[in-house]
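A, B, ... follow the sequence lines: proteins, then strands. Residue 1 opens every chain.
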Amino acid sequence: MAQKPSIPKGTRDFGPLQMARRNYIFNTIRHTFEKFGYMPLETPSMENLSVLTGKYGDEGDQLLFKILNSGDFLKKTSEADYREGSKQLLPLIAEKGLRYDLTVPFARYVVMNQNDITFPFKRYQIQPVWRADRPQRGRYREFYQCDADVIGTDSLICEAEIVLMITEVFEKLNLKDYIIKINNRKVLTGITEVIGAAGREADFCVAIDKLDKIGHEGVFKELGEKGFSGEAIEKLQPLLALQEAGDSSLDALQQLLESSTTGLKGVKELQAVFELLKAFGAQPKLELDLTLARGLSYYTGAIFEVKPTSVQMGSISGGGRYDDLTGVFGLPGMSGVGFSFGVDRVYDVLEELNLFPEESTVSTQAMLVNFGEKTLSEGLQLLGKLRAAGIRAEIYPEEAKMKKQLAYANKKNIPYVILQGEEEIAKGEITLKNMMSGQQENVNIPAAIQQILS
RNA sequence: GUGAUUGUAGUUCAGUUGGUUAGAACGCCUGAUUGUGGUUCAGGAGGUCGCCGGUUCGAGUCCGGUCUUUCACCCCA
């Protein structure tokens, strides 16, 4: 019974062309990370659920892929557990889950290896993550993140260098239409204090984050629904006005947050990052955005997000500082900061803007036509010589009609085809055919190699 | 998780109020050309109409469920 095969929702296959382009992005990112002193790390696809749950909020826990225990996964359960519902049953039938991001496994790794690690520890990690989200444009259930994090220092140089790395990567990828947005969680905390809604930071962040989508009134309405007083909302007005004034508003922000020590600290940090970037001599596409909040609850300082400006797509990179990520694993007081590229979204943006270079597809440079047994040993000898000269070369594996062999070379975009049949062997030369021009000439082997390499 | 939406050949898509044998383009295969691809010409193969069920004399077409696609919300790279 032949059945049509399929792949799970939100997952994709990547063919040779896509892989060439993805590797082009991966290599660019990896190269930049290494240039800034980050070292590679890989962690398992699956983690114990105890590591993952509770780190991403209730919403996040729902989006975790859980792995059914091997063997008889009902062994530890009773009918009573079943009646209690899925929340009770889950820990009994699933102990592992697929990682949801790379930051939490990194924190776990740091705690487990704290005695062997030299701090500050800078690591990068390029691996897939999984989320049981409903797929949408630019949103997949399996996608790659490219993280760079430094843990064990609260130096703001790290924040500035993150901006530099983002700038460098997109410059190398030739992507110009993007904006790096920066904000600081302490500023957001300060705002809630100033408007008299201290402690309501989470709800505040969710609402303010939607400003560009639902406008002032939408935000006010949502805050009202969540129980913010009319007075608090009223006090928010001058701050939103500041947001519209743009980048030059740091001084004004300082005045508005005068009564909040936390808020002022956030402003100072932001100022420091801008100044460090000036000292680097960098001119990044960086913009203060007071409405930038980001969902992940572990952020405590700077937060970043990168948005493409000419393509409709969610953020293609994001990150921030967390002061106590390793605390839940028993290592408190370890400040870190990091960020991540969403490669799959970067890919979609580059594709839409036609920014992939032609050469990103590496193919065979020369193909030998297979003339059958009589000439095979000469052919294989020649093939070896080509490869020894550093040429990507192949021989058509079967003695097929020349038409078929040439059609194969043509479809694979192989620029040179070499014909070495009995005629050529007798004369001690080969026929080198240029597939672009269609012209061919009889030459000796060194001349052919030189021609192919030129 | 909530509410919509999509599915017909390898691909992109037609398909009339429900009516006989489901079409096109491109791609694929064969030949014109037994040592010459990309052009041209002639011919050919390929479809359980996503899957399961229902209504009907009759379903690609209508209804229900399910899977998948896309979109909005929630949230996020």
Is it true that A:Lys404 and A:Glu398 have a side-chain N and a carboxylate O under 4.0 angstrom from each other? no

Distance check, rounded to the nearest 0.5 Å: A:Arg22 atom CZ versus A:Phe356 atom CZ? 9.5 Å

What nucleotide, of B:G37, B:C73, B:G35, holds the atom closest to the side chain of A:Arg139? B:C73

Nearest to the side chain of A:Leu406, heavy atoms from C-beta on, is which of B:G35, B:G37, B:C75? B:G37

A:Gln136 side chain, from C-beta outward: closest of B:C75, B:C74, B:U70: B:C74

Are A:Glu217 and A:Lys221 ion-paired here, with the side-chain N under 4.0 Å from a carboxylate O? no

Each base of RNA chain B marked ( ) or [ ] if paired in-strand (Watson-Crick or G-U under 3.5 Å), | if paired to another strand and . if unpaired gives ((((..(..((((.....[...)))).(((((.......))))).....(((((..]....))))))..))))....

Quick check for you: among B:C76, B:C75, B:U36, whose closest atom lies nearest to any side-chain atom of A:Arg345? B:C76

Less than 5.5 Å between centroids and less than 30° between ring planes, does A:Phe143 satisfy that with B:A77? yes

For the C1' atoms, the ones on B:U70 and on B:U6, what distance do you get once it is rounded to whole angstrom? 7 Å

Between A:Arg108, A:Lys55, A:Lys66, which is the residue that forms a salt bridge (Lys or Arg N to Asp or Glu O under 4.0 Å) with A:Glu47? A:Arg108

Over how many whole Å does the gap from A:Leu63 atom CG to B:C75 atom P extend? 11 Å

What's the closest nucleotide to the A:Gln145 side chain, out of B:A77, B:A72, B:G37? B:A77

Could you tell me the separation between the CZ atom of A:Phe170 and the OG1 atom of A:Thr32, rounded to the nearest 0.5 Å? 10.5 Å

Out of B:C75, B:C28, B:U36, which has the shortest distance to the side chain of A:Lys213? B:C75

Work out how far the P atom of B:U21 is from that of B:A25, and round it to whole angstrom. 23 Å

